Amino acid sequence: MDRAATLSTERHVWFRIEGMDCASCAAKIETVVKRRPGVRDVAVNVTMGLVDVTTIADGPDDGLAASIRGLGFGVRPVAPQTAVVAQPEIGGCCAHDHDHKDHGVGHATHDHEPAQAGAPDLHAGHNHAVDPDEGNDAKRWWQKTKGRLVLALAAVLGAAWLMSLAEPAYSRWIFTAAALVGVVPFSKRAFTMARAGFPFSIETLMSVAAIGALFVGAAEEAAVVVFLFAVGELIEGIAAGSARSGIRGLAKLMPSTAVIEENGALRTVEAASLRPEQTLVVRAGDRIATDGDIIDGTSDIDQSAITGESAPVTRGPGDAVFAGSVNANATLKVRVTRTVANNTIARIIDEVQSAQSKKAPTARFIDDFSRWYTPAAMAAAGVVALAPPLLFGGDWTTWVYRSLALLLIACPCALVLSTPAAIASGIAAAARRGLLIKSGAALEALGRVKTVAFDKTGTLTAGEPRVTDVIALGATEPEVVGLAAAVESASSHPIGRAILDRAEALGVAVAEVAEAAAEPGRGVSGRVAGRLIHVLAPRAAGNRLGAEASARIAELESEGKTVVVVADDASALGLIAVRDEPRSDAAAGLSALKAMGVRSLMLTGDNARTAEAIAGGLGLEARADLMPADKLAAIEAFKKDGPIAMIGDGINDAPALAAANVGVAMGGGTEVALSTADAALLGGRVTGVADLISISRATLRNIHQNVAIALGLKGVFLITSILGVTSLWMAILADTGATVLVTANALRLLALAKVPGDRLDRSRTPT
């Protein structure tokens with residue numbers, strides 16, 4: 001059957017899920033739903049909080065929601081047009097985590113099949129309107145399922161305690177009833193998961209421990225264990241909500257309405273309705289609703305929320321502006337280039353959510369570890385319960401009690417959460433600095449980079465030539481610049497634009513030019529105030545140049561500069577040198593990398609003289625005259641010495657970006673570079689490379705701390721449980737405490753979003 005015929009027999013059903021906190025939860029939902037009759041596929045997106053179920057056209061769907069609710073999640077059917085981007089949650093975890101498809105939001109390098117018309121494509125979040133307060137995120141903790149469960153258990157436990165005071169003789173039975181009432185929702189979930197192929201879930205461990213405690217006469221502790229377990233899950237969710245604030249903040253940057261100009265009249269419309277080529281009118285103080293190009297007006301633009309640049313930048317006709325930027329001081333007319341659903345903010349959110357939903361290598365390892373760790377822990381608890389009584393005549397009640405405490409402390413919640421919590425926080429912190437990291441794998445790899453290779457043009461340099469020197473010969477400097485600018489005013493050549501910029505900077509009036517003409521292979525000419533003026537290449541100047549001028553030209557060209565001669569018919573009036581100069585922060589960025597113990601080098605297709613001039617001024621080695629294939633070969637060679645990152649902005653950089661351990665695209669680069677790269681510097685700052693590595697190293701340190709906390713606490717309490725020092729409620733409190741500590745430690749990474757770049761920890765020792 002061909003694809004068209006297959007699609008005609010399918011339909012999609014969407015649900016928004018409350019309490020889906022991690023990839024483990026997603027795997028459980030996927031497994032359970034796939035077992036429903038008529039289900040062909042399930043796409044679970046944790047970051048968006050959505051489940052897309054593909055069924056046969058006339059298949060049943062009435063049991064789908066019930067099967068998900070059976071796992072303890074809140075379920076709400078949603079229509080395609082109301083499916084919106086939800087924010088990622090990292091709180092909570094489950095002990096048994098099966099691999100499943102990464103149904104994250106869209107990644108430019110992924111090829112997905114077309115989505116059903118009007119459907120919320122779970123692989124491409126930018127197809128939806130962004131609503132940061134939708135669903136579960138808009139609720140207070142006591143309005144959520146986990147919060148209501150905690151309040152209910154607290155009421156039951158409190159009532160049991162009061163009744164035990166009134167009737168002490170019946171206290172055991174009262175607390176037994178309280179424990180049974182409390183354990184019901186968890187045991188139901190454990191039973192559902194066991195039927196679905198997840199027999200070793202965290203709910204199973206907790207249910208076995210609580211019910212076992214009842215059998216050994218520890219009814220009060222069983223009730224407290226159930227309550228503390230529920231409180232732990234709630235606290236994890238509350239703490240994890242902080243990690244979503246950065247991305248919610250990005251979403252809130254987009255205004256809901258916009259003003260457009262049509263046929264000379266202004267009209268206010270919904271921002272979501274904006275389409276390319278419409279004219280957007282942005283008044284002073286307004287946020288720009290979507291990406292576009294300025295067609296009229298000049299103003300200072302605050303784009304710090306997108307690029308991380310703290311100072312406003314001046315933008316005028318022809319300049320691009322980003323969604324979410326603030327127009328500071330003058331009305332602008334902007335030609336819309338992207339819809340709201342596909343603008344810069346939406347794409348950043350998509351990439352960040354996609355990155356947070358994909359497992360990093362460390363997370364995959366820990367998930368694999370937890371698969372055999374959990375059943376091994378249950379087996380060890382069984383040995384502790386059976387071996388001493390059977391082999392050494394130990395007391396059954398004592399050793400069963402100790403085995404139950406061991407079972408509780410062995411829960412791998414904190415361990416499973418240790419990596420994804422840190423990865424999500426690190427990616428969110430980077431996004432708030434204008435640093436886009438597309439995956440957890442990229443975040444981890446950045447921290448291990450030994451070498452950084454830079455492209456030259458548009459990466460280390462601004463990508464546009466600027467006038468560096470003006471040598472007056474037969475006229476004054478302002479006259480030389482003024483005459484050259486007049487002749488170049490009719491030209492669109494980059495050198496001409498550089499000369500015009502220099503004239504504007506000097507305040508030189510540009511006279512009108514007549515008879516402007518290009519001289520192929522020589523330069524341009526024109527009549528200025530009745531005088532024929534030429535702007536020529538040195539080789540075309542002929543005998544107009546004397547020995548002194550020729551010597552100065554040779555000197556300037558040795559510095560990698562391009563020289564033009566401004567002359568009349570008789571003699572040279574002056575020399576103007578231009579060069580694509582390094583970005584203002586290039587030296588600082590390379591210095592920061594050197595301080596971190598990272599080697600820097602330049603790979604460029606430019607000529608050796610120009611490359612050496614730029615590299616020499618910045619203090620790094622250079623390899624020049626490289627074709628794209630040569631850059632690729634150089635990257636492969638350097639990888640033998642350790643992980644390497646490639647920084648570039650052009651189509652010719654795409655192969656090298658893909659080949660490097662981490663490819664980083666400069667902001668403002670080509671779509672191909674941005675799509676191929678693993679990360680992007682949205683602000684185009686060279687110092688952003690050091691910031692990326694610093695955040696990555698901080699994240700790796702955080703992961704190692706989290707793993708140490710999780711395993712260290714478990715190690716201590718496992719021993720104390722076997723020795724009989726730890727009670728059941730202490731065991732569950734230790735497990736919950738470890739999980740909360742791990743989450744809180746990961747959230748510290750969010751503070752990096754507010755730390756100035758020069759104050760980030762840039763130690764030489766990589767993690």
Side-chain angles (χ1 to χ4, degrees), residues 307-309 434-435 446 449-469 494 498 555-563 577-626 630-631 634-635 637-638 641-650 652-653 656-657 660 662-669 673 677 679-681 683-694 756-758 760 762 764:
T307 66
E309 291 283 3
L435 309 172
L446 280 163
V449 162
K450 303 290 186 184
T451 305
V452 175
F454 291 90
D455 173 48
K456 181 183 77 69
T457 305
T459 301
L460 283 175
T461 66
E464 296 181 356
R466 290 182 291 176
V467 172
T468 58
D469 304 88
E555 179 185 347
L556 292 169
E557 289 184 338
S558 69
E559 297 172 357
K561 299 172 182 177
T562 299
V563 182
V578 300
R579 187 173 70 179
D580 181 13
E581 291 290 272
R583 292 177 183 266
S584 59
D585 71 333
L590 295 172
S591 176
L593 289 173
K594 184 177 181 181
M596 299 170 73
V598 177
R599 176 190 182 190
S600 299
L601 57 98
M602 178 197 295
L603 303 178
T604 179
D606 212 337
N607 64 77
R609 185 175 60 188
T610 301
E612 288 297 336
I614 296 293
L618 294 175
L620 78 164
E621 60 181 292
R623 297 195 178 186
D625 297 310
L626 300 179
D630 299 323
K631 289 186 179 182
I635 291 293
F638 282 116
D641 299 325
I644 183 170
M646 174 69 193
I647 322 296
D649 75 316
N652 63 325
D653 297 322
L657 288 170
V662 187
V664 181
M666 294 295 286
L681 308 175
R685 303 185 311 276
V686 179
T687 52
V689 180
D691 291 349
L692 278 173
I693 295 175
S694 295
D758 58 356
L760 282 174
R762 290 173 174 167
R764 292 180 59 88

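Note that this is a predicted model, so its numbers are computed, not measured.
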Counterpart residues, side-chain hydrogen bond (donor to acceptor under 3.5 Å, both in side chains), relative to T604 (two or more places apart): none
Nearest heavy atoms of K631 and A656, plus distance in Å: CB-CB, 4.2 Å
Heavy-atom closest contact (A679 atom, L692 atom, distance): CB-CD1, 4.4 Å
Salt bridge (charged side-chain N to carboxylate O under 4.0 Å, His left out) partners for D630, two or more places apart: none
Partner set under side chain to side chain contact (heavy atoms under 4.5 Å, CB included) for A615, not counting sequence neighbours: M602, L620, A622
Partners passing side chain to side chain contact (heavy atoms under 4.5 Å, CB included) against A453 (at least two apart in sequence or in another chain): L601, L603, I635, I644, M646
Partners meeting side-chain hydrogen bond (donor to acceptor under 3.5 Å, both in side chains) with T687 (sequence neighbours left out): D585
Test side-chain hydrogen bond (donor to acceptor under 3.5 Å, both in side chains) applied to T468 - qualifying residues, sequence neighbours left out: none
Contacts of type salt bridge (charged side-chain N to carboxylate O under 4.0 Å, His left out), residue E621, not counting sequence neighbours: R599
Partners passing salt bridge (charged side-chain N to carboxylate O under 4.0 Å, His left out) against R583 (at least two apart in sequence or in another chain): none
V449 versus V598, closest heavy-atom pair with distance: O-CG2, 4.0 Å
Side-chain donor/acceptor of T459 to backbone N/O of K456, under 3.5 Å: no
Residue list, salt bridge (charged side-chain N to carboxylate O under 4.0 Å, His left out) with E612, at least two apart or on another chain: none
side-chain hydrogen bond (donor to acceptor under 3.5 Å, both in side chains) partners of R466, counting only residues at least two apart: none
Set of side chain to side chain contact (heavy atoms under 4.5 Å, CB included) partners for A587, sequence neighbours left out: L618
Closest heavy-atom pair and its distance - A498, P465: CB-O, 3.3 Å
Salt-bridge contact D641-K450 (side-chain N to carboxylate O under 4.0 Å): no
